[in-house]
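Predicted model, so just to flag it, every value in this text is computed and none were measured.
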Amino acid sequence: MDNQIYNDPDIKISVIMPIYNAGEYLCRAMGDVLAQTLSDFEIICIDDGSTDNSPRIIKRYQEKDARIRTLRESNAGPSAARNKGIEMARGKYMIFLDADDFFEKDLLMKLYETAESDNLDIAVTKFDIYNESKDSFSLPVDEPHGNIFVPGGVTSKNEHPDFILSSTTGYVWNKLFRTSFIRDKKLIFDPELYVFEDVAFVCSAMSLAERVGRIDGTLVHHRVYSDQSRARLFRKYYGQVPVVYKKVKEFLMQRGMYVPLKKSFLNLSAGRCYKIYNLLWADGKESLWTLLHDEYAAELNWLGHEKTEFESPEVCEFVANVALYTHAEYRERVEKGKNINIGELEKDEIVKKVKVKQKGARRRAVWSKIIGFLNIFKRSNKKAVK
């Protein structure tokens, strides 16, 4: 893309807001954006086929403020909506805000000033979580390597290749992106992903950015409807978690970033799957384990690593067990107290054991087919004799 065609020198930030049936909260979100202390922005509202009063609310605001641009889609999903926003953006920077969140009035100004003064590709702000059912705020759990960001400092995968992917959350709504960076690197949201699509986008962006900084202060308030609603989200879509990280791995390999960021990716993907596994109920645990055991542990390249490459012995043990055992076998071992000794575990040992198990499984499958054919043959002979 030719950035000169799309950029408008009078627009500092393009606020991209996908909207789907957000009528109950949209006025608060729009009001917070329009009240920003930085005024040189545009709001791109992508209505993704809302069936509530969201379109009327957007139209009412647009009639009053020329900075608002709109586009209506036919329920194509958040990835497609945000990609349309990227195409339409005319600002020097862009930010993706959710229509049910709310924001401090200096959000855009602080992000913009920091990005400009430090020449950032990505500027990150802190956020808190607003629980609507409890009418209360809470702070999110710190990212494992959020400490690579220091006040006034700039970092990237060049300084911290082993930690960069787990240095910030996978959310896009607390990050300002330089528009030329997004377009030059041809970054888009994967249209095949309808959930956790922002995780793939953020990981891709962080893997390529040369200058990333974080500002102090909590400027975004992310709305959740209840603790139960968050749990239901993970429980409904847990099977998509390894799919997302497979997409991330494919992107890193295509862009030549997998090898330098291998340790960061290993601990991010394995650590997140371990965390999700522990949040699930019994059947969900078994289903996710089976996905990882049968397919994704190998596809995510979790096998063949020294234990020192894992930041957590618990994650290392999780990966070893997932690679070697079915969930039923693992549960049986736990009941018998047969734990893997991480201290004695070597990567070649895991790979060797996995190959032996796979070879045995293939042999059993072949014999099962042979026995099946023999049984069919016997039944056919009996019918012929009769």
| note | In Phe318, Trp289, Tyr277, Tyr325, the residue satisfying ring pair (Phe, Tyr, Trp, His ring centres under 6.0 Å) with Tyr330 is Trp289
| request: Please confirm whether the backbone N or O of Gly284 pairs with a side-chain atom of Ser287, one donor and one acceptor, at under 3.5 Å? | output: no
| remark: Residues passing the ring pair (Phe, Tyr, Trp, His ring centres under 6.0 Å) test with Tyr245, sequence neighbours excluded, are none
| query | Ring centroid separation for Trp173 and Phe127, is it under 6.0 angstrom? | reply | yes
| task | For Phe137, enumerate each residue passing the ring pair (Phe, Tyr, Trp, His ring centres under 6.0 Å) test, keeping only those at least two apart in sequence or located in another chain. | result | Tyr130, His221
| field | Side-chain ion pair, Asp98 and Arg82, N-O less than 4.0 Å | value | yes
| Nearest-0.5 Å distance that lies between atom CD1 in Ile43 and atom OG1 in Thr70 | 11.5 Å
| Pairing of Glu332 and Lys336 as salt bridge, 4.0 angstrom limit | yes
| message | Taking Ile44 as the starting point, is it possible to reach Leu71 by hopping between hydrophobic residues whose side chains are less than 4.5 Å apart? | response | yes
| Short question: side chain of Ser50, backbone of Asn21 - any donor-acceptor pair under 3.5 Å? | yes
| note | Applied to residues 9-65, the ring-ring contact (aromatic ring centres under 6.0 Å, His included) test, sequence neighbours excluded, yields Tyr25-Tyr225
| said: Check this for me: does any side-chain nitrogen of one of Glu311 and Lys263 sit under 4.0 Å from a carboxylate oxygen of the other? | reply: no
| What residues, two or more places apart in sequence or in another chain, satisfy ring pair (Phe, Tyr, Trp, His ring centres under 6.0 Å) together with Phe163? | His145
| said: I'd like to know if the side chain of Glu306 pairs up with that of Thr308 as donor and acceptor (distance under 3.5 Å, no hydrogens or angles considered). | reply: no
| query | Do other residues, nucleotides or ligands put more than 12 heavy atoms under 6.0 Å from the NZ atom of Lys84? | reply | no
| said: Suppose the criterion is salt bridge (charged side-chain N to carboxylate O under 4.0 Å, His left out): which pairs have a residue in residues 241-253, not counting sequence neighbours? | reply: Asp190-Lys247, Glu192-Lys247, Lys246-Glu299
| task | Would you indicate whether the side-chain heavy atoms of Asn174 and Val124 approach each other to under 4.5 Å? | result | yes
| said: Hydrophobic cluster membership, with links at side-chain heavy-atom distances under 4.5 Å among I/L/V/M/F/W/Y: are Phe181 and Val154 in one? | reply: no
| request: Tell me whether the centres of the aromatic rings in Phe96 and Phe189 are closer together than 6.0 Å. | output: yes
| query | Any luck finding a side-chain donor-acceptor pair between Arg178 and Asn119 under 3.5 Å? | reply | yes
| Can you tell me if Gln36 and Asp106 form a side-chain donor-acceptor pair at under 3.5 Å? | no
| said: One thing to verify: whether Lys157 and Glu210 come together as a salt bridge, which I'm taking to mean a side-chain N less than 4.0 angstrom from a carboxylate O. | reply: yes
| said: Quick check on the 6.0 Å ring-centre criterion: do Phe177 and Tyr93 meet it? | reply: no
| Ion pair Glu143/Arg272, N-O distance below 4.0 Å | yes
Expected list for residues 253-261: side-chain donor-acceptor pairs under 3.5 angstrom, two or more places apart:
residue : atom : partner : partner atom : Å
Arg255  : NH1  : Lys185  : O            : 2.8
Arg255  : NH2  : Lys185  : O            : 2.9
Tyr258  : OH   : Asn301  : ND2          : 2.7

